[in-house]
Participant: 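Take this structure first; my questions come after.
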Amino acid sequence: MAIRNLRLEGDEILKKKSREIENVDEKLQILIDDMIETMHRYNGVGLAAVQVGILKRVIVIDLYDNKGPIAMINPVVLKTKGEHEMDEGCLSFPNQFAKVIRPEEIVAEYTDRKGKRKKITAKELLAQAIVHEVDHLNGEVFIDKIIPGTLEYIEPEK
Ligand code: NI
């Protein structure tokens, strides 16, 4: 496993649309492992492949709730329910946090690491993370959807 370079604010790749993945092969498994390691290194709850410079539709999420990291290949949000204001950040926008309106609940579909298509209902933080990461796959970043006036810069404690 290896930590990959994060693509940051201002990098044009973040505005590009990622491509569907056709094969769940060894190369993809390595990418997923590296993405998980990179997410953990920077204490993120989610990461999309585009954030390490790969335009493939794969995301990883870890809410640090003892369920372990999950990888979602070709994720699609099928349904959303409700909406609420959530605090949000992004590894590509270090130290920036703001409020964003996100669905309270979603139904999503994805292919897992074994190549099996799955459907899940996700709420709260997990729903927020999935929607945020799927946005990345469509070239959308959270900073463009924040509630005006809510952006804060918070330096991490050393
Ligand atoms: Ni992000």
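Counting convention: from 1, in listed order, for ligands and their atoms alike.
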Participant: Using a cut-off of 2.8 Å, how many protein N, O or S atoms sit around the Ni ion (ligand 1)?
Facilitator: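 Number of qualifying protein atoms: 3.
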
Participant: Flag yes if Val100 and Ile59 sit in one hydrophobic cluster, no otherwise; membership is Ile, Leu, Val, Met, Phe, Trp, Tyr, and two members link when side-chain heavy atoms are under 4.5 Å apart.
Facilitator: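 Different clusters.
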
Participant: Does the Ser18 side chain pair with the main chain of Arg57, one donor and one acceptor, at a distance under 3.5 Å?
Facilitator: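 Not at all, since once roles are kept as given, no pair shorter than 3.5 Å links the two residues.
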
Participant: Going by atom type alone, with no hydrogens or angles, which donor-acceptor pairs under 3.5 Å involve a side-chain atom of residues 71-80 and a protein atom two or more places apart or on another chain?
Facilitator:
residue, atom, partner, partner atom, Å
Asn74, OD1, Ile21, N, 2.8
Asn74, ND2, Ile21, O, 2.9

Participant: Linking Ile, Leu, Val, Met, Phe, Trp and Tyr through side-chain heavy atoms less than 4.5 Å apart, which residues share a cluster with Phe97?
Facilitator: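 Members other than Phe97 - counting any ILVMFWY side chain reachable under 4.5 Å - are Ile154.
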
Participant: I'd like to know if Glu104 pairs up with Lys123 as an ion pair, taking the criterion as any Lys NZ or Arg NE/NH1/NH2 lying under 4.0 Å from an Asp or Glu carboxylate oxygen.
Facilitator: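 Here Glu104 does not pair with Lys123 in a salt bridge, since their nearest N and O are not under 4.0 Å apart.
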
Participant: Side-chain donor-acceptor contacts of residues 28-39 below 3.5 Å, not counting sequence neighbours, with atom names and distances?
Facilitator:
residue, atom, partner, partner atom, Å
Gln29, OE1, Arg113, NE, 2.9
Gln29, OE1, Arg113, NH2, 3.0
Gln29, NE2, Arg113, O, 2.9
Asp33, OD1, Arg113, NH1, 3.1
Asp33, OD1, Arg113, NH2, 3.0
Asp34, OD1, Ala2, N, 2.8
Asp34, OD2, Arg4, NE, 2.8
Asp34, OD2, Arg4, NH2, 2.8
Glu37, OE1, Ala2, N, 3.1
Thr38, OG1, Arg4, N, 3.0
Thr38, OG1, Asp34, O, 2.7

